[in-house]
Protein chains: 2
Amino acid sequence: MSFDRLCEKILACKNPTVAGLDPKLDYIPDWIKEESFQRYGRTLAGAADAYLTFNKGLIDALCDIVPAVKPQAAFYELLGWEGVKVLKETIDYAKEKGMYVITDAKRGDIGSTMEAYAEGHLGHTLVDGVELRAFDGDSLTVNAYFGTDCVKPLLEVCRRDGKTVFVLVKTSNPSSGELQDQLIGDRPVYRVMGEMVNGWNEGAAGQYGYGPVGAVVGATYPRQLQEMRAAMPHVFLLVPGYGAQGGAAADVAAAFDSRGLGAVINSSRGIMCAWKKEGCDPRDYAQAARREAIRMRDDICAHIQL
Amino acid sequence: MSFDRLCEKILACKNPTVAGLDPKLDYIPDWIKEESFQRYGRTLAGAADAYLTFNKGLIDALCDIVPAVKPQAAFYELLGWEGVKVLKETIDYAKEKGMYVITDAKRGDIGSTMEAYAEGHLGHTLVDGVELRAFDGDSLTVNAYFGTDCVKPLLEVCRRDGKTVFVLVKTSNPSSGELQDQLIGDRPVYRVMGEMVNGWNEGAAGQYGYGPVGAVVGATYPRQLQEMRAAMPHVFLLVPGYGAQGGAAADVAAAFDSRGLGAVINSSRGIMCAWKKEGCDPRDYAQAARREAIRMRDDICAHIQL
């Protein structure tokens with residue numbers, strides 16, 4: 001239950017990282033795109049087919065060493081429903097290969113609407129009594145500007161289906177402080193959000209001590225990462241911003257508990273574009289991603305006890 | 001540019017309302033569902049087909065009297081990519097019939113990701129030099145917890161393609177105050193967000209005085225609605241919460257400027273489920289929706305000068 005499944009995968013791989021699957025056509029080798037365009041034309045379906053080939057190659061190359069993937073919904077939606085179909089196919093493929101899937105969609109809405117997001121992304125859809133699964137990710141990122149109404153339907157699905165969510169607390173982007181660092185009394189907004197996350201986890205800790213509601217805290221703000229690790233001892237952290245966005249291994253080390261658990265560090269561009277940075281044969285893009293994933297794992301594990 | 005197109009449609013219809021297209025299977029008459037299930041089975045595709053028939057009927061019945069529709073992405077995502085395909089088909093059909101389409105997806109993310117949401121939902125997708133349109137709504141709802149990074153890519157697309165966005169300021173749900181009413185100095189969070197929205201509109205007002213960045217303020221909080229109308233004189237408002245959620249016409253009147261412009265009031269369940277409330281022949285659901293839309297228009301217009 002809760003984050004136990006993810007913790008077990010992390011322990012099995014000895015690797016607390018997640019590979020972001022945020023494909024852009026620029027990141028995909030020409031040979032993949034050309035094959036897809038030949039089959040489907042320079043269309044949304046053609047681009048979506050290239051995403052899928054690219055993703056499957058990455059998943060094949062990473063699934064025995066990286067515990068989780070995090071597809072970013074925006075890049076799939078950029079290709080319309082054809083892209084969203086490939087988001088689902090990517091989720092299915094990664095799960096088949098044993099990976100934990102965090103759908104990075106940052107959903108948030110009023111209660112009745114959130115029920116639909118919760119069941120659509122994590123749970124099931126009832127069609128005249130038939131139970132179907134629309135996306136069936138293991139975890140979903142959530143924007144809780146709406147407060148508890150937005151999280152309650154997710155808690156239900158998490159409990160029922162053993163899923164998890166990550167609520168935005170302190171995001172990795174340069175302007176995150178415009179709202180998130182403003183003080184409410186003596187506490188910044190991100191801290192207030194963190195205390196709400198603590199509340200949503202009450203009485204729901206799993207075997208490793210973490211409740212079903214995780215939090216997103218960016219590696220680009222190491223002081224706040226350290227602060228929020230201490231302030232949310234039962235909250236599993238998703239930490240974006242390592243690598244391309246500027247966060248270093250020494251910075252992200254603060255996200256972990258004394259067992260080396262309690263956080264996953266994401267890298268998207270670093271892994272997806274390793275073949276460009278290496279300058280290797282583009283047909284070798286997935287092995288370049290694997291080399292980068294190993295480098296990242298070793299970089300982070302040098303700073304923690306896992 | 002900006003909200004001019006919506007203002008003109010509102011003036012032409014003499015109706016400042018928007019019909020929410022948030023289909024749930026429960027809202028759809030059995031005769032529609034049975035036809036769809038016969039063709040596609042009790043599957044996500046079958047349910048999605050029922051959505052589309054239901055929506056087209058509503059759009060046909062409303063398009064000459066209601067200026068805009070607001071499909072809620074969550075309910076389409078609940079049906080997976082098959083549902084998202086129907087979201088796109090609904091957007092296309094409503095636009096064909098002359099309606100302004102607000103995609104209610106409440107997206108928000110870091111800058112590079114937001115570019116993908118902006119181009120996917122409002123702008124265009126480049127596939128090897130070919131310009132394609134993924135969803136092509138007229139407007140998108142946005143959650144700006146991330147600050148300016150999240151809004152900048154949207155502003156670009158708004159300027160380039162004449163689109164608009166609505167940023168969440170004070171939401172209509174019961175728990176919205178947990179974060180949004182907390183005080184930053186002497187201003188609640190929603191007020192701080194409202195001032196950010198003011199800033200994003202600077203120098204970009206259209207012919208009717210409204211910039212491209214609108215705001216969501218719920219009818220369920222009439223005092224705050226009045227406050228934010230005054231605090232954001234160049235910000236077009238999207239006002240949910242009328243009807244089913246409890247907001248009354250006298251409450252929403254405060255959202256408008258002296259010309260009866262500056263806001264659209266949403267009703268979703270009220271319109272979609274009018275046939276149930278009326279107890280009319282389910283084959284007459286679309287005309288029941290039309291009757292309710294007229295009742296709502298007259299109810300609101302009795303309180304404003306349009």
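As the structure is a computational prediction, the values presented were derived from the model and not from experiment. Chain A is the first sequence line, chain B the second, and so forth, proteins listed ahead of strands; every chain is numbered from 1.
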Enter the distance from B:Thr113:OG1 to A:Asp104:CG here, rounded to the nearest 0.5 Å.
7.5 Å

Using a cut-off of under 4.5 Å for heavy-atom pairs, which of A:Val130, A:Leu25, A:Asp22, A:Asn143 has the most such pairs with chain B?
A:Asn143

Give the minimum heavy-atom separation between B:Ala74 and A:Ala116, together with the two atoms involved.
O-CB, 3.7 Å

Report which part of B:Phe135 has an atom under 4.5 Å of a heavy atom belonging to chain A: side chain, backbone, both, or neither.
side chain

Measure from the side-chain N and O atoms of A:Tyr145 to the backbone N and O of B:Val169, and report whether any donor-acceptor pair falls under 3.5 Å.
yes

Side chain, backbone, both or neither of A:Ile184 within contact of chain B (heavy atoms, under 4.5 Å)
both

Measure across A:Leu132 and B:Leu44 and return the closest heavy-atom pair with its distance rounded to 0.1 Å.
CD1-N, 3.6 Å

Is it the side chain or the backbone of A:Arg133 that comes within 4.5 Å of chain B heavy atoms, both, or neither?
backbone

For chain B, which candidate among A:Asp26, A:Thr141, A:Val84 shows the most heavy-atom pairs at distances under 4.5 Å?
A:Val84

Nearest non-hydrogen partners of A:Gly80 and B:Ala134, listed with the distance:
N-CB, 3.5 Å

Any donor and acceptor pair, going by atom type alone, linking the side chain of A:Thr125 with main-chain N or O of B:Leu79 inside 3.5 Å?
no

Is there a side-chain contact between A:Leu179 and B:Phe146 (heavy atoms, below 4.5 Å)?
no

Look only at the side chain of A:Glu178 and the backbone of B:Thr148, and say whether a donor-acceptor pair between them is shorter than 3.5 Å.
yes

Go through the atoms of B:Met114 and report whether side chain, backbone, both or neither lie under 4.5 Å from a heavy atom of chain A.
neither

Cut-off 4.5 Å, heavy atoms of chain A, and the answer for B:Glu77 is both

Of the backbone (N, CA, C, O) and the side chain (C-beta and beyond), which part of B:Leu87 lies under 4.5 Å from a heavy atom of chain A, both, or neither?
neither

Heavy-atom neighbours of A:Lys276 NZ exceed 12 at 6.0 Å:
yes

Please step through side-chain contact (heavy atoms from CB on, under 4.5 Å) for the pair A:Lys106 and B:Lys106, ending with a clear verdict.
CA-CA 9 Å; A:Lys106 305 199 171 73; B:Lys106 305 203 172 72; over 6 Å; no

Picking from A:Ser172, A:Pro240, A:Ser176, what satisfies side-chain contact (heavy atoms from CB on, under 4.5 Å) with B:Ile110?
A:Ser172

Below 4.5 Å, heavy atoms only, C-beta onward: do A:Asp109 and B:Gln72 meet side chain to side chain?
yes

In this structure, CG of B:Asp30 is separated from CG of A:Asp128 (nearest 0.5 Å) by 8.0 Å

Could you tell me which non-hydrogen atom of A:Ala73 sits nearest to which non-hydrogen atom of B:Tyr117, and how far apart they are?
CB-OH, 3.8 Å

B:Asp149 (side chain) donor-acceptor with A:Ser175 (main chain) under 3.5 angstrom
yes

Identify which part of B:Leu183 has an atom lying under 4.5 Å from any heavy atom of chain A, answering side chain, backbone, both or neither.
backbone

By a 4.5 Å heavy-atom criterion (distance strictly below it), what part of A:Tyr76 contacts chain B: side chain, backbone, both, or neither?
neither

If you round to the nearest 0.5 Å, how far is CG of B:Leu78 from NE2 of A:His124?
9.5 Å

Can you confirm whether A:Val127 sits close enough to B:Thr43 that some side-chain heavy atom of one is under 4.5 Å from a side-chain heavy atom of the other?
no

Taking the side chain as every heavy atom from C-beta outward, state whether A:Glu82 and B:Trp81 have any pair of such atoms under 4.5 Å apart.
no

What residue in A:Met193, A:Glu119, A:Arg107, A:Met196 has the most heavy-atom pairs under 4.5 Å with chain B?
A:Arg107

Check whether B:Val216 gets within reach of chain A through its side chain, its backbone, both or neither, counting any heavy atom under 4.5 Å.
neither

